Amino acid sequence: MERYRKKDMLNLAATMMKANDYVLRVTREDSQKLTEMLIQCQDAALQLGTSLEKFGEKYAPIVKLLESYCENLYQMSIHLSDETICCRLSEKIREQLTDFQNRIQDEMPDDRKEVVFLPYKASMWDSLESVWKAADEDENTDAYVIPIPYYDRNPDGSFGEEHYEGDQYPEYVPITHYNEYDFQWRRPDVIYIHNPYDNNNYVTSVHPFFYSENLKRFTEQLVYIPYFILGEIDPENQAAVEKMKHFCTTPGVLHADKVIVQSENMKKIYVNVLTDFMKEQSGKDTREYWEKKILGLGSPKIDKVMTVRKEDMTVPEEWLKIIEKDDGSWKKIVFYNTSVQALLEHDEKMNRKIKDVLQVFKKHQEEIALLWRPHPLIEATLKSMRPGLWEEYKKIVDTYRAEGWGIYDDTADIDRAIALSDAYYGDKSSIVQLYRNVEKPVMIQRIEGVDKDSYNMRI
C-alpha cells in the first residue's frame, strides 16, 4: 500500500469522476467491462481511505465519504441494466467525488517534499552530509537520515555478520531506523545513496532491499553520490581513465536518475565511458542521456572537510595524552593511512612496510604523534579474501594499540582526523584529495623504494 499525497488524491479523484461519466454514457454497451471499471474505482477508493487513515483521525469523515461512495458503486454494478437507477446513483457519485475533492483541497496541507538519505557506513556520511544539511534547512522539505544494514561477505560470497552503524553518527544528525520507515507507503520524492555496488561487491553488501535496482521502485528520483573522491584525471588520458572506468559502470550509476560527481572533468570521463559502454551493449548513441544524468557539481566530502576546524574539535582524553608534550604544547600530528588496495596488492610486503613505518614513528614519538587510521573495510576485506594475511595484520594492530604510544583511529569521524593532523603519510587514497583541498603536506608511501614526496613534507 503506497501513500497518496494531496496531489495524488486530487488526480485520482478526477480520474474516478471521468470513469463515472463514462459509465453513465455506455451503461448498455458492455456490462462486463463496466463492472470491471467500477471494481477498479472501488479499489482506488479503498486505497485512498487506507492512506487517509494513516494521516490521523481528523480525516475520518472523508474516509466515511469514501465508504459511502463505494456502496453507491456496488449498487450501480448490480443495476447496470436499469438506466434510471444508474442515473440517480451517478448523480450521487458525482456529488460525493466533488465533495471529496473540495475537502481534500481545503483540509489537507500542501504537499511537502520528502527526501531520504541512505548511508551504510557512518565513516562515509561526509559524502552526503552537506546535501542533507541543505534539505534539512529547507522549510518545505522533510529530510530523513536512515542508516541501512550491511553484511560482510564470506569467502564463498554468502552473507556473514550483519552491521548497523546508526549509533555512530554525529549528535546533530537525527536518525530514523530503517524498520520505522515504510518506503512503499511513503514513496519519498528523492532517495540519496552512496553505495553503488548492489550485489557486485565481493567484500560487503548492503541489505538487498536497498540495492539501487530495488529502490527505484519507491521514488521518482534516485540520486547516487560516490562515497570516495578520485584523483583528478585528464579526460584525454586514456591510460588513467582505463584504471578508473569500473567506477563509472556500477549498478548505482546505471540505475540512478541523477549521478553527482566531483568535477566537470570527472563528468566528461563518466559520460565518455558510459556512452562507449552502452554502445557496446545496444549499439545506440546515448551520450545526450548521460550528459543530462551525470552532474559535475562537486563532492560533499570537500564541503565537509573545508568547514571543520581544529579549534572546534573535541579530542578524546586518551588522544591528548599522546599529543601533548610535557609543557602542554602539541606535537606535530601525522595522519597515517593504510588502504585495502595496497594490502591486497602487496600481501606480506605491505605488513612488513607497516611494521617498519610504526617503528620509525615510535622512535620519534617525543616530537611527532602518529594517528593511524586504516581504511574501515580492511578487516572485512582481508577476512573474506585473504584470511591468512588478516591474522598477521591483526597482530600488528593489536601490538600497536597495546603499546599505546600512538593513536589508533577507528571512529566514524574522518574529518576530525584531517582537521587535527598536520600532514598526511600513507597509501594513495581519496583522502589525499581532501588534504590537497585543505593545503596540508602529503607524502605517499611506497612498499619498495623511496617514498614519494608529493608536497614538501616539512611539518
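Source: prediction; values computed, not measured.
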Take atom [atom1] of [X] as the centre, draw a 6.0 Å sphere, and report whether it contains more than 12 heavy atoms from other residues, nucleotides or ligands.
{"X": "Glu67", "atom1": "CD", "value": "yes"}
{"X": "Gln281", "atom1": "CD", "value": "yes"}
{"X": "Gln341", "atom1": "CD", "value": "no"}
{"X": "Lys268", "atom1": "NZ", "value": "no"}
{"X": "Phe159", "atom1": "CZ", "value": "yes"}
{"X": "Gln221", "atom1": "CD", "value": "yes"}
{"X": "Glu311", "atom1": "CD", "value": "yes"}
{"X": "Glu162", "atom1": "CD", "value": "yes"}

**Q.** Of all pairs that satisfy ring pair (Phe, Tyr, Trp, His ring centres under 6.0 Å), the ones with a partner from residues 274-311, not counting sequence neighbours
**A.** none
Does [Y] offer a backbone N or O that forms a donor-acceptor pair with the side chain of [X] under 3.5 Å?
{"X": "Ser282", "Y": "Met278", "result": "yes"}
{"X": "Asn337", "Y": "Gly426", "result": "no"}
{"X": "Thr50", "Y": "Leu46", "result": "yes"}
{"X": "His346", "Y": "Ala342", "result": "no"}
{"X": "Asp234", "Y": "Glu236", "result": "yes"}
{"X": "Asp427", "Y": "Ser339", "result": "yes"}
{"X": "Asp257", "Y": "Leu222", "result": "yes"}
{"X": "Lys267", "Y": "Ile294", "result": "yes"}
{"X": "Arg436", "Y": "Gly231", "result": "no"}
{"X": "Thr219", "Y": "Leu215", "result": "no"}

Charged N to carboxylate O below 4.0 Å: is that the case for [X] and [Y]?
{"X": "Glu129", "Y": "Lys133", "answer": "yes"}
{"X": "Asp110", "Y": "Lys7", "answer": "no"}
{"X": "Asp111", "Y": "Lys6", "answer": "no"}
{"X": "Asp410", "Y": "Arg401", "answer": "yes"}
{"X": "Asp189", "Y": "Arg5", "answer": "yes"}
{"X": "Asp285", "Y": "Lys279", "answer": "no"}
{"X": "Asp312", "Y": "Arg309", "answer": "yes"}
{"X": "Glu379", "Y": "Lys383", "answer": "yes"}
{"X": "Lys92", "Y": "Glu95", "answer": "no"}

If I take atom [atom1] from residue [X] and atom [atom2] from residue [Y], how far apart are they, to the nearest 0.5 angstrom?
{"X": "Asn140", "Y": "Asp138", "atom1": "CG", "atom2": "CG", "result": "5.5 Å"}
{"X": "Ile418", "Y": "Tyr424", "atom1": "CD1", "atom2": "OH", "result": "9.5 Å"}
{"X": "Gln75", "Y": "Cys86", "atom1": "CD", "atom2": "SG", "result": "10.5 Å"}
{"X": "Trp125", "Y": "Gln168", "atom1": "CH2", "atom2": "CD", "result": "14.0 Å"}
{"X": "Cys70", "Y": "Leu65", "atom1": "SG", "atom2": "CG", "result": "10.0 Å"}

Q: Check whether NZ of the Lys or CZ of the Arg Arg416 lies under 6.0 Å from the centre of the six-membered ring of Trp319 and within 45 degrees of that ring's axis.
A: yes
Q) Asp142 and salt bridge (charged side-chain N to carboxylate O under 4.0 Å, His left out): which partner among Arg112, Lys113, Arg186? A) Arg112
Q) Taking it one step at a time, do Glu91 and Arg88 satisfy salt bridge (charged side-chain N to carboxylate O under 4.0 Å, His left out)? A) CA-CA 5 Å; Glu91 187 58 35; Arg88 186 168 66 249; over 6 Å; no
Determine whether the aromatic ring centres of residues [Y] and [X] are separated by less than 6.0 angstrom.
{"X": "Phe247", "Y": "Phe228", "value": "yes"}
{"X": "Phe183", "Y": "Tyr178", "value": "no"}
{"X": "Phe117", "Y": "Tyr144", "value": "no"}
{"X": "His194", "Y": "Tyr120", "value": "yes"}
{"X": "His255", "Y": "Tyr224", "value": "no"}

Q | Pairwise salt bridge (Lys or Arg N to Asp or Glu O under 4.0 Å) hits with a residue in residues 117-127, at least two apart | A | Lys121-Glu165, Asp126-Lys301
Q) Is it true that the side chains of Glu232 and Ser263 contain a donor and an acceptor less than 3.5 Å apart? A) yes
Q) Should the ring pair Tyr197 and Tyr227 be called parallel, tilted or perpendicular, given that the plane angle runs from 0 to 90° and is split at 30 and 60? A) perpendicular
(Q) Tyr69 and side chain to side chain contact (heavy atoms under 4.5 Å, CB included): which single residue from Asn20, Ile93, Leu48 fits? (A) Ile93
Q) Run the side chain to side chain contact (heavy atoms under 4.5 Å, CB included) check on Tyr151 and Thr204 step by step: do they pass? A) CA-CA 5 Å; Tyr151 303 87; Thr204 61; over 6 Å; no
Q: Determine, step by step, whether Ser90 and Met76 satisfy the side chain to side chain contact (heavy atoms under 4.5 Å, CB included) criterion, reporting the C-alpha distance in whole Å, the side-chain angles of both residues, the deciding distance to 0.1 Å, and the verdict.
A: CA-CA 8 Å; Ser90 177; Met76 181 176 281; 3.8 Å; yes
Q | ring-ring contact (aromatic ring centres under 6.0 Å, His included) involving Tyr211 - partner list, sequence neighbours excluded | A | none
**Q.** Verdict with reasoning, Phe209 to Phe218, per ring-ring contact (aromatic ring centres under 6.0 Å, His included)
**A.** CA-CA 11 Å; Phe209 178 86; Phe218 306 113; 5.4 Å; yes
Q: I would like to know whether Asp413 and Thr411 meet side chain to side chain donor-acceptor pair (under 3.5 Å); could you show each step before the answer?
A: CA-CA 6 Å; Asp413 193 353; Thr411 69; over 6 Å; no
Q: Take Leu12 and Leu10 through the test side chain to side chain contact (heavy atoms under 4.5 Å, CB included) and record every step on the way to the result.
A: CA-CA 5 Å; Leu12 192 53; Leu10 292 174; over 6 Å; no
Q: Decide yes or no for Pro208 and Asn214: does some side-chain heavy atom of the first lie under 4.5 Å from some side-chain heavy atom of the second?
A: no
Q. Side chain to side chain contact (heavy atoms under 4.5 Å, CB included) between Phe100 and Met16: does it pass, once the steps are laid out?
A. CA-CA 11 Å; Phe100 174 80; Met16 291 155 70; over 6 Å; no
